[in-house]
2 protein chains.
Amino acid sequence: MNEIFSLLETNKLSRTPCRIEVLKTLKLAGSALSEAEIREKIGDHFDRTTVYRTLRCFLKEDVIHSISLDGGEVRYALSPHTEVAHSSHHVHFFCHDCNSVYCISHQAYKTPELPIGFMAESFDLLIQGSCRKCKK
Amino acid sequence: MNEIFSLLETNKLSRTPCRIEVLKTLKLAGSALSEAEIREKIGDHFDRTTVYRTLRCFLKEDVIHSISLDGGEVRYALSPHTEVAHSSHHVHFFCHDCNSVYCISHQAYKTPELPIGFMAESFDLLIQGSCRKCKK
DNA sequence: TTAAATTTGCAACAAGGTTGCAAATATTTT
DNA sequence: AAAATATTTGCAACCTTGTTGCAAATTTAA
């Protein structure tokens, strides 16, 4: 809980019920959640718009980050608050069995060669397969 | 144009005006287009639902593939019709200057190491930066 | 505790995703 | 080539999401 308060303070965000709930929910869920899932878990305490704006706000401050799945579905997860947190390199794993998305910590990692003239600045890698729990 | 007809035939899809237009549009645009962009380029000849269903149909047959961008925006591009076409490994480049998405042909390419128990089956890599045209 | 700054809930609207169904069009069969 | 069959279209309809403005409520600062 303290962790949540300091997350807010660090980013100069006021400590409002909705923000606290969203952060608690994301922290509890080990995996990334969609906006609908977050609302569902929080219950009916806040207006849809409020949750929406809360997420926008967290995204802007990099408290959370978003992951775009295949059909365009977006999920949100707490950003790792390490020094490399603001790095724009993200690796995620989508389990097609349990539908969960995990953030994968990424070591040094080479992107494939690009055609001449292209300049890479960041990347997002979405690996798909079956996760620890679902692998049989 | 023949290419488009054979694309349809190969996939046992009937040769209807909307399908032809969508394929022509995607072929002409060197880069991936959103559904709205496709509709815009085609003009007002078809119902929104028709274009929507046309895309679903092409996706199912793997005539096109979709790319999910950062905020959840989805774009569509013709699938490469090589032998590896149905491979589920995709590399795309998003230019944050001109907003274009390019399919990048990918050579052998190693995904980063995963935590124990995770089994990768495919991946999607979205590289961001500036493209050939926009690089200064 | 009051004043100032932010955040919330609500209304409202645009756009996207999706389905059912009858009419129109394409393909197949005779 | 025409008729029969199978598909695809357009339209209505409905739900979800994204997004904004604004006044009321809440939080933070003074």
Side-chain angles (χ1 to χ4, degrees), chain A residues 1-2 4-25 32-61 63-76 99 101, chain B residues 1-2 4-25 32-61 63-76 99 101:
Chain A
M1 200 62 178
N2 273 329
I4 285 170
F5 287 162
S6 69
L7 247 182
L8 290 173
E9 264 174 50
T10 305
N11 292 285
K12 298 198 194 74
L13 297 174
S14 48
R15 192 185 287 187
T16 69
C18 183
R19 291 183 176 169
I20 293 170
E21 283 308 303
V22 169
L23 289 182
K24 275 210 298 208
T25 304
L33 302 177
S34 68
E35 186 173 336
E37 285 169 329
I38 293 171
R39 274 209 305 266
E40 208 173 296
K41 285 182 194 276
I42 283 184
D44 228 12
H45 304 300
F46 307 99
D47 187 80
R48 163 172 95 85
T49 315
T50 303
V51 176
Y52 166 75
R53 281 194 274 225
T54 297
L55 292 174
R56 284 318 98 173
C57 163
F58 286 167
L59 279 177
K60 202 172 82 184
E61 302 300 331
V63 176
I64 64 176
H65 62 282
S66 70
I67 302 118
S68 298
L69 301 186
D70 220 22
E73 190 192 339
V74 179
R75 306 239 182 127
Y76 303 91
N99 218 265
V101 172
Chain B
M1 198 61 179
N2 272 329
I4 284 169
F5 288 162
S6 70
L7 246 182
L8 289 173
E9 264 175 51
T10 305
N11 292 282
K12 299 198 194 73
L13 298 174
S14 49
R15 191 185 287 188
T16 69
C18 183
R19 291 183 176 168
I20 293 170
E21 282 308 303
V22 169
L23 289 182
K24 275 210 299 212
T25 304
L33 303 177
S34 69
E35 186 173 336
E37 285 169 329
I38 293 171
R39 272 207 306 265
E40 209 173 293
K41 284 182 193 274
I42 284 185
D44 227 13
H45 304 299
F46 307 99
D47 188 80
R48 162 173 96 87
T49 316
T50 303
V51 175
Y52 167 75
R53 281 195 272 225
T54 297
L55 292 174
R56 285 315 100 171
C57 163
F58 286 167
L59 279 176
K60 204 172 79 181
E61 302 299 330
V63 174
I64 65 177
H65 63 282
S66 70
I67 302 117
S68 299
L69 300 187
D70 220 23
E73 189 193 339
V74 179
R75 306 239 182 127
Y76 303 91
N99 216 265
V101 173

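- One interatomic measurement links the two molecules: CD1 of A:I42 to P of C:dG9, which rounds to 11 Å at whole-angstrom precision.
- With sequence neighbours excluded, the residues forming a side chain to side chain donor-acceptor pair (under 3.5 Å) with A:E37 are A:S34, listed by chain and number.
- A sub-4.0 Å separation between OP1 or OP2 of C:dT18 and a side-chain N or O of B:R56 is present.
- Of all heavy-atom pairs between A:E61 and A:N11, the closest is O-OD1, 3.6 Å.
- Remark: P of C:dT7 and CZ of A:F58 are 10 Å apart, rounded to the nearest angstrom.
- For the side chain to side chain donor-acceptor pair (under 3.5 Å) test, no residue two or more places apart in sequence or in another chain qualifies with A:T10.
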Would you tabulate the side-chain donor-acceptor contacts of residues 49-60 of chain A under 3.5 Å, counting partners in other chains and residues two or more places apart, or write 'none'?
from  : atom 1 : to    : atom 2 : distance (Å)
A:T49 : OG1    : A:D47 : OD2    : 2.8
A:T54 : OG1    : A:T50 : O      : 2.7
A:R56 : NH2    : A:Y76 : OH     : 3.0

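- Contact detail for B:G71 and A:V74: the closest heavy-atom pair is O-CG2, 3.5 Å.
- Between the axis at the start and the axis at the end of the helix from C:dT1-D:dA30 to C:dT30-D:dA1 there is an angle of 40°, using five pairs per end and rounding to 10 degrees.
- Taking 4.0 angstrom as the limit, A:R48 places none of its side-chain polar atoms (N or O) nearer than this to OP1 or OP2 of D:dG18.
- Spacing between atom NZ of A:K12 and atom C1' of C:dA5 amounts to 15 Å, rounded to whole angstrom units.
- Closest heavy-atom contact between B:S68 and A:S68: CB-CB, 4.0 Å.
- Counting non-hydrogen atoms under 4.0 angstrom, A:C18 reaches the backbone sugars and phosphates but no base.
- Atom P of nucleotide C:dA15 and atom CD1 of B:I38 are separated by 17 Å, given to the nearest angstrom.
- Atom-to-atom distance recorded for B:T25:OG1 and B:I42:CD1 is 4.5 Å, nearest 0.5 angstrom.
- Within residues 65-75 of chain A, no residue places a heavy atom under 4.0 Å from DNA chain C.
- Residue A:E40 contributes atom CD, which lies 15 Å from atom C1' of D:dT17 at whole-angstrom precision.
- Applying the salt bridge (charged side-chain N to carboxylate O under 4.0 Å, His left out) rule to A:R75 yields the partners A:E73; only residues at least two apart in sequence or on another chain are considered.
- In the set D:dT9, C:dG17, C:dT8, D:dT9 carries the atom at the smallest distance from any side-chain atom of B:T50.
- Judged as a side chain to side chain donor-acceptor pair (under 3.5 Å), and not counting sequence neighbours, the contacts of B:K24 are B:E21.
- From A:L8, atom CG reaches atom OG1 of A:T16 across 7.5 Å, with rounding to the nearest 0.5 Å.
- Residue pairs meeting the salt bridge (charged side-chain N to carboxylate O under 4.0 Å, His left out) criterion with at least one partner in residues 10-20 of chain B, sequence neighbours excluded, are B:E9-B:R15.
- The CD atom of A:E40 sits 11.0 Å away from atom CD1 of A:I38, with the distance rounded to the nearest 0.5 Å.
- The distance between atom CZ of B:R39 and atom P of D:dG10, rounded to the nearest whole Å, is 13 Å.
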request  = Take B:L23 and B:V63 through the test side-chain contact (heavy atoms from CB on, under 4.5 Å) and record every step on the way to the result.
outcome  = CA-CA 9 Å; B:L23 289 182; B:V63 174; 3.8 Å; yes

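- In this structure, the separation between CD1 on B:I67 and CG on A:D70 is 10.0 Å, given to the nearest 0.5 Å.
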Polar atoms only, N or O, under 3.5 Å: list the protein pairs with nucleotides 20-25 of chain D and their distances.
from   : atom 1 : to    : atom 2 : distance (Å)
D:dG21 : O6     : A:R53 : NH1    : 3.4
D:dG21 : O6     : A:R53 : NH2    : 3.2

N/O-N/O pairs, protein side and nucleotides 28-30 of chain D side, under 3.5 Å:
from   : atom 1 : to    : atom 2 : distance (Å)
D:dT28 : OP1    : A:R15 : N      : 2.8

Distances under 3.5 Å between nitrogen or oxygen atoms of protein and nucleotides 3-6 of chain D:
none

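- Distance, A:R19 CZ to D:dT26 C1': 12 Å, rounded to whole Å.
- Rounded to a whole Å, the CD1 atom of B:I20 is 14 Å from the C1' atom of D:dT9.
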